[in-house]
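Data first, discussion second: the structure below is written as structure tokens.
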Amino acid sequence: MREIHAGGKPLKKAYVAIFLWFTGRAIQAAAKVDKEVQKEFAALPDDFTFALGCLPNGPWMVVGKEKGKVKYFGGNLKCRPVHLRLVIKSLDAAFLILSFQESTALATTRNRLMTDGEVPYALSVIRILDIVEVYLLPKLIASLAVKRYPSWWSFSRKLAGRVGVYTRTLLGF
Amino acid sequence: MNLTNGFAFTCPFKTNSGNKALEHLPVELAGLNAFKPLIITSRELAGPKAIGTLINAFGDSGMTIGVFDDVTETADLNVVEQIREIFLKGQYDVIIALGGGIIVDVAKILNLAVSLKVADARQLSPATAIRDPLGPFVVIPTAAATGMETSKYAVLSGKIFTSVHLMPGLVVLDPRLTRAKDGKTVAEAGFAAFGRTLEAYIAPDKNPFMDAYAFTALRFIRENLASAVNKRCNKKESLAVANAVAMSGCVISNTDQNMLHRLGQVFQNTVHVHPGIIIGMCLHPFLDDCMKKDSSRIASLLLPLAGDDKYAAMPEAGRAGDALRDLCEFSYEIYRSLKGKIPRTITEAGIQQYLMKDIFDIINQEPDGAYLRTVIDRVGGSSIKA
Amino acid sequence: MILPDYYEFCCRVKIVAGHDALEKIPALLAEMGSKKPLIITDKGVAAAGLVDIVVNALKEGVTIGGVADNVPPDSDLKVVNQLAGLYRDNACDAIIAVGGGSVMDTAKGVNIVVSENATDLMAFSGAGALNRRLKTLVAVPTTAGTGSEVTLVAVIKDHEKHLKMAFTSYFLLPSVSILDSRMTMTMPPFITAMTGMDALSHAVEGYYCLQKNPLSDAHSLAAVNMIHQYLPSVTKNPADKDGRLAMAVSACLAGISFSNSMVGIVHNLGHATGSVCGVPHGICMAILLPYGLEYNMHKRGETIAELLLPMAGEEVYRKTPKAERAEKVVSLIRQMNQDLNEITGGRHARYFSEVKDRDGKQMVPREILPEIAKAALLDGATIYNPEDQDYEENLLVLEAAWEGKPLDRNKIKKG
């Protein structure tokens with residue numbers, strides 16, 4: 001008989017945290033670059049804020065609207081009131097999703113990703129995440145991450161969007 | 001299926017199966033209002049690697065976990081009492097059984113003891129009344145599972161406890177744990193689950209709810225057992241078999257057609273032969289008899305065994321024969337690939353004469369004892385009887 | 001049979017079925033240590049005499065703690081609170097819910113309030129808010145369709161604050177579901193038809209949607225088989241006891257399937273049509289089901305084809321070439337709608353343009369379809385649909401379903 005205190009998973013946690021940081025900034029960038037993302041955000045309430053992260057102890061990513069602009073608010077869940085939480089059940093599940101072994105839709109259907117908040121908000125956010133993923137990832141990987149890859153997008157939308165999202169994400173404006 | 005006479009069905013456990021299933025445990029436990037688990041297992045029977053994998057799955061949860069890993073094949077109520085004290089002293093609030101067979105039996109009785117708040121676990125007996133659901137209880141079967149882990153039965157020192165409340169609330173099947181060290185273990189578990197579900201599936205009074213489990217289990221075993229036995233590196237097939245084994249526990253808890261199961265239990269309790277071995281060898285004489293009684297029931301087996309296309313292609317008159325042929329092929333393939341590691345007759349199993357007498361004594365007490373005896377005789381029991 | 005990389009399955013509800021299943025309630029309550037149940041139902045169910053049958057069956061060994069028949073067609077927070085008060089005042093220790101979806105929802109809501117001693121039901125919505133067993137809840141469905149006797153969801157509306165609260169928890173599952181043929185015997189043919197098609201939509205959507213798993217599959221196959229066999233005949237012969245029981249059992253099987261595998265576009269568009277035009281849920285399901293299959297055909301053709309054997313039997317399965325089996329399933333479902341339309345003298349609508357209210361007014365005018373297509377973007381069932389949906393595609397499906405034409409599958413965007 002022995003009693004054990006559960007250890008940590010620093011490497012996985014770091015990967016997930018970096019990825020969330022990157023995605024958060026990319027959403028902020030996509031909201032400036034892509035019309036569809038703008039439209040989705042415009043339909044949401046003025047101070048709408050959502051968080052994506054994992055149980056039981058994070059990390060988290062908080063994104064929301066402030067004075068009409070979409071902003072990445074960092075990783076502190078308590079930094080402002082959150083309307084919607086997209087919760088991944090465990091760090092390992094988050095790793096599966098964020099290393100594109102499992103799409104967002106698949107993760108939801110595998111009960112790994114839960115939404116805490118109103119459904120219409122969640123659907124909006126999922127649509128935004130899908131678009132951002134298409135911008136961030138090469139087609140081969142993005143088509144694993146979304147239900148269907150928008151092959152009907154024009155070449156200029158893809159190229160201009162991708163350049164715009166990447167530059168803004170990395171530079172942070 | 002005839003529903004006119006009415007029926008009842010229940011399967012209290014939730015199944016979580018697949019990749020990283022273990023890592024969901026902290027969240028699952030929180031959903032049950034449980035935060036300090038006590039793991040019941042055995043270094044010897046489940047292996048240190050499985051225990052390590054389970055503990056790692058709690059990583060980053062901040063939880064404190066108790067591990068009792070000293071369950072042995074001979075565990076009895078004294079062991080339960082020993083763990084009961086640990087459970088109370090450590091203020092644990094959920095039991096997690098890791099492994100199969102006796103490990104889960106001990107955990108079930110432990111759950112009974114702590115939920116009923118008895119002063120001493122040794123007071124418990126099959127006569128103990130179990131009215132209300134018990135405390136939160138999770139079973140994580142390894143490849144050494146027998147199928148009884150998920151059932152309403154618990155057997156300790158020959159005493160059989162029976163209650164739906166003994167069934168777990170959650171069963172977690174993780175491919176890292178359901179892969180077997182050797183083909184023999186998989187085959188034993190597979191045969192046990194196969195025989196039990198098959199008997200329920202061809203029973204005249206089955207209901208569609210139990211049938212859903214039985215159908216799935218039969219098809220999974222038929223499609224995956226041979227390759228799970230042969231290519232043990234194949235996680236997917238072993239997981240499919242483990243799924244079927246877990247489902248068989250639900251099936252056996254919802255049927256009273258359990259002749260093969262009872263035969264398996266008698267041998268397990270008396271001579272410690274795995275029930276899967278006995279069920280595997282008795283399958284054929286049992287099916288022969290069913291065929292003589294009502295071949296349409298055997299015919300219905302063709303659908304789960306051979307699949308939609310073969311079933312539809314075969315005219316009704318040929319289905320029973322085809323089902324039997326398919327079954328022979330199936331078991332032959334497994335016996336052959338194990339090259340004699342699984343005995344095919346009582347003689348091969350090397351059961352001593354004087355022990356066979358004990359077995360017949362128990363079988364004779366069963367209401368259908370005379371018939372059970374003829375089954376044993378046909379698998380070589382007669383050649384060694386006293 | 002496919003084993004997904006990961007799945008979860010749970011249906012803890014004890015199922016008791018039969019022509020005299022109600023008579024088993026006293027023993028079941030005793031087993032669970034309950035003596036004084038509160039019966040929750042609605043006026044329609046009570047007027048049909050069904051509550052009397054239940055009360056009669058409870059004679060032995062049970063004290064009825066009250067019969068409340070004021071559940072409105074749309075669940076209401078006020079009623080939930082009032083019934084919880086009644087439960088407490090009469091010192092009840094169990095709930096028997098007799099009715100359809102809104103009665104089940106209300107009973108689940110009452111169960112939360114009385115078990116958690118809640119003053120504010122809202123505090124218990126959201127994931128993980130419920131984490132212990134509630135009081136004994138016995139569900140007695142009176143329609144063979146919704147499957148809410150085995151689902152873990154309750155939707156309660158706060159009409160004052162215009163809020164719709166959704167509660168999801170395994171603890172909301174009833175303790176027992178009683179499937180008794182007497183409870184559906186008096187259902188008129190057109191309601192039998194639409195609730196039966198609701199059940200079929202659960203079984204079929206549960207089979208092709210993303211969260212499908214081996215156990216939900218097995219439940220779906222069994223349900224599809226029985227519904228196809230019994231629905232038309234029971235609609236024709238309402239007094240067919242065995243057929244009624246079979247339909248109650250198959251609706252329950254379908255309920256177990258979809259509550260574990262979830263539903264997709266048929267429910268997505270159906271919910272939207274219901275909320276925009278007030279069309280009964282079962283009608284929406286019946287009309288949209290063939291279109292849901294067509295919409296997902298390019299991704300789920302093989303899966304849909306697997307429904308042919310349980311639906312039509314060996315003969316048809318054998319004669320249909322492999323490549324045509326999925327489409328055969330769609331045409332069989334269209335044929336069911338056609339048959340039900342004839343059996344009910346035209347009351348069972350086949351297309352949205354045919355749906356009429358009591359005064360004979362068209363319920364879904366063509367011009368409203370864009371509004372429905374937009375509303376569907378807010379409904380969560382789309383998550384579980386194999387193919388993505390957008391506004392134009394929603395409209396495409398709705399227009400086809402309005403006219404009763406097969407879907408032009410070339411117009412669906414493919415990734």
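Letters go in sequence order (proteins before strands), and every chain restarts at 1.
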Discussion item. With a 6.0 Å cut-off on the ring centroids, do His219(C) and Phe215(B) count as close?
Written reply: no

Worksheet item: Checking heavy atoms, do the side chain of Tyr7(C), its backbone, both or neither come under 4.5 Å from chain B?
Response: both

Once rounded to the nearest 0.5 Å, what's the spacing between atom [atom1] of [X] and atom [atom2] of [Y]?
{"X": "Tyr170(C)", "Y": "Glu28(B)", "atom1": "OH", "atom2": "CD", "value": "7.0 Å"}
{"X": "Glu316(B)", "Y": "Glu314(C)", "atom1": "CD", "atom2": "CD", "value": "7.0 Å"}
{"X": "Asp5(C)", "Y": "Asn19(B)", "atom1": "CG", "atom2": "CG", "value": "4.5 Å"}
{"X": "Ser17(B)", "Y": "Asn213(C)", "atom1": "OG", "atom2": "CG", "value": "9.0 Å"}

Proximal component of [X], with respect to chain C [non-hydrogen, under 4.5 Å]:
{"X": "Arg219(B)", "answer": "side chain"}
{"X": "Phe7(B)", "answer": "both"}
{"X": "Leu173(B)", "answer": "neither"}

Worksheet entry | Heavy-atom closest contact (Leu134(B) atom, Arg133(C) atom, distance) | O-NH1, 3.9 Å

Worksheet item: Between Leu245(C) and Leu3(B), which heavy-atom pair has the shortest distance, and what is it?
Response: CD2-O, 3.4 Å

Discussion item. I'd like to know if the side chain of Arg318(C) reaches the main chain of Met314(B), judged simply by a donor and an acceptor atom lying under 3.5 Å from each other, with no hydrogens or angles considered.
Written reply: no

Item to complete: Indicate yes or no: does Arg325(C) engage Asp309(B) in a salt bridge with an N to O separation below 4.0 Å.
Response: yes

Discussion item. Check this for me, if you would: do Glu8(C) and Lys14(B) make a salt bridge, where the nitrogen-to-carboxylate-oxygen distance has to be below 4.0 angstrom?
Written reply: yes

Practice prompt. Count the heavy atoms belonging to other residues, nucleotides or ligands that lie under 6.0 Å from NZ of Lys35(C), then report whether that count exceeds 12.
Written response: no

Discussion item. Looking at chain B, which one of Asn131(C), Asp242(C), Ile256(C) has the largest number of heavy-atom pairs inside 4.5 Å, strictly under?
Written reply: Asn131(C)

